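Comments concern the structure below.
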Amino acid sequence: MPNLGATTAGRDAAALFAALGDPTRLSLLTALSDGRPSSIAGLSGGTELTRQAVTKHLTVLEKAGLVESIKVGRESHYSFRRDRIDIMRAYLDGVSRQWDDALERLRAFVER
C-alpha cells in the first residue's frame with residue numbers, strides 16, 4: 001500500500017484535518033459555508049466565544065487555507081475557501097481506494 005502521508009497532498013490534507021480537529025473551528029466553517037463573508041463580531045455574536053477566541057480559531061483556519069480574510073475598513077471579513085475541501089476529498093478518495101484494493105486482495109486470498 002503506498003504511503004499517502006508522505007506525499008505533498010498527504011501533508012496538505014493533514015494540515016487541513018488538524019485545523020478541523022476542533023468543534024469550534026468546524027462551527028465557524030459551518031457559519032461561513034453560506035458563501036457570505038463575515039466579520040469577527042458577526043461570527044462571535046450569539047455565542048459564548050469572545051472575539052479573541054474567534055480570532056485565534058480563524059487564524060488557524062486561515063493558515064490551513066480554509067478561510068481567507070479581506071480588510072473592510074477597520075474590520076477583517078472572513079470567507080470559506082471551498083477549493084481546499086477538494087484536497088481533503090482527494091486524500092480520502094485515495095485512502096478509500098487503498099482499502100478497497102486491500103480488501104479485494106484479502107478476498108482473493110481467502111477464496112483461493
Side-chain angles (χ1 to χ4, degrees):
M1 226 183 266
N3 182 1
L4 287 174
T7 65
T8 300
R11 285 188 296 276
D12 285 348
L16 294 170
F17 285 116
L20 294 175
D22 180 273
T24 301
R25 289 192 286 271
L26 283 173
S27 69
L28 288 170
L29 277 184
T30 300
L32 292 169
S33 68
D34 65 3
R36 292 179 294 150
S38 188
S39 67
I40 293 168
L43 291 167
S44 61
T47 71
E48 295 181 12
L49 295 171
T50 64
R51 290 181 185 190
Q52 291 81 8
V54 170
T55 300
K56 287 181 181 182
H57 286 293
L58 288 170
T59 299
V60 172
L61 292 170
E62 189 168 24
K63 284 182 181 177
L66 288 162
V67 300
E68 62 185 354
S69 65
I70 300 166
K71 276 289 205 192
V72 179
R74 293 177 41 179
E75 287 188 327
S76 291
H77 286 212
Y78 290 83
S79 56
F80 178 43
R81 291 190 54 206
R82 294 180 190 280
D83 61 311
R84 299 292 287 167
I85 298 300
D86 293 337
I87 293 170
M88 296 170 73
R89 183 174 289 125
Y91 180 81
L92 290 173
D93 287 346
V95 170
S96 177
R97 280 190 300 277
Q98 285 180 344
W99 276 101
D100 290 346
D101 293 346
L103 289 171
E104 180 57 31
R105 288 191 305 274
L106 178 62
R107 185 194 61 76
F109 176 77
V110 169
E111 288 179 355
R112 278 190 250 161

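A quick note: this is a predicted structure, and the numbers were derived from the prediction, not measured.
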Quiz item: Side chains of Leu58 and Leu43: does their closest heavy-atom pair fall under 4.5 Å?
Solution: yes
Quiz prompt | Atom pair NE2 (His77) and OG (Ser38), whose distance is rounded to the nearest 0.5 Å | solution = 7.5 Å
Quiz item: If we only count heavy atoms from C-beta on, is the Tyr78 to Ile40 side-chain gap below 4.5 Å?
Solution: yes
Self-check item: Pairwise distance OG1(Thr59) to NZ(Lys63) - rounded to 0.5 angstrom
Solution: 6.5 Å
Quiz item: Taking atom CG of Asp34 and atom OG of Ser79, what is their separation to the nearest 0.5 Å?
Solution: 10.5 Å
Exercise. For the pair Arg89 and Asp86, find out whether any cationic side-chain nitrogen is under 4.0 Å from an anionic carboxylate oxygen.
Key: yes
Practice problem: Mind checking the CG-OG1 spacing from Leu29 to Thr24? Nearest 0.5 Å is all I need. | Solution: 11.5 Å
Exercise. Taking all non-hydrogen atoms of both residues into account, name the closest pair between Ser69 and Glu62 and its distance.
Key: OG-OE2, 2.8 Å
Quiz item: How far does CD1 of Ile70 sit from OG of Ser39, to the nearest 0.5 angstrom?
Solution: 13.0 Å
Quiz item: Would Leu92 end up clustered with Ile87 when hydrophobic side chains under 4.5 Å apart are linked, directly or stepwise?
Solution: yes
Self-check item: Phe80 with Leu61, same ILVMFWY side-chain cluster at under 4.5 Å
Solution: yes
Quiz item: Do you know which two heavy atoms are closest between Arg84 and Ala64, and how far apart they sit?
Solution: NH2-O, 2.8 Å
Exercise. With rounding to the nearest 0.5 Å, note down the distance linking NE2 in His57 to OG in Ser27.
Key: 8.0 Å
Quiz item: Has the side chain of Arg81 got a donor or acceptor atom that lies under 3.5 Å from a matching backbone atom of Glu68?
Solution: no
Listing, residues 48-56 side-chain donor-acceptor contacts under 3.5 Å, not counting sequence neighbours, or none:
unit_1	atom_1	unit_2	atom_2	d
Thr50	OG1	Ala53	N	3.0
Thr55	OG1	Arg51	O	2.8

Practice problem: Report yes if some heavy atom in the side chain of Leu20 is under 4.5 Å from a heavy atom in the side chain of Met88; otherwise report no. | Solution: yes
Quiz item: Do Asp100 and Glu104 come within less than 4.5 Å of each other through their side chains, counting heavy atoms only?
Solution: no
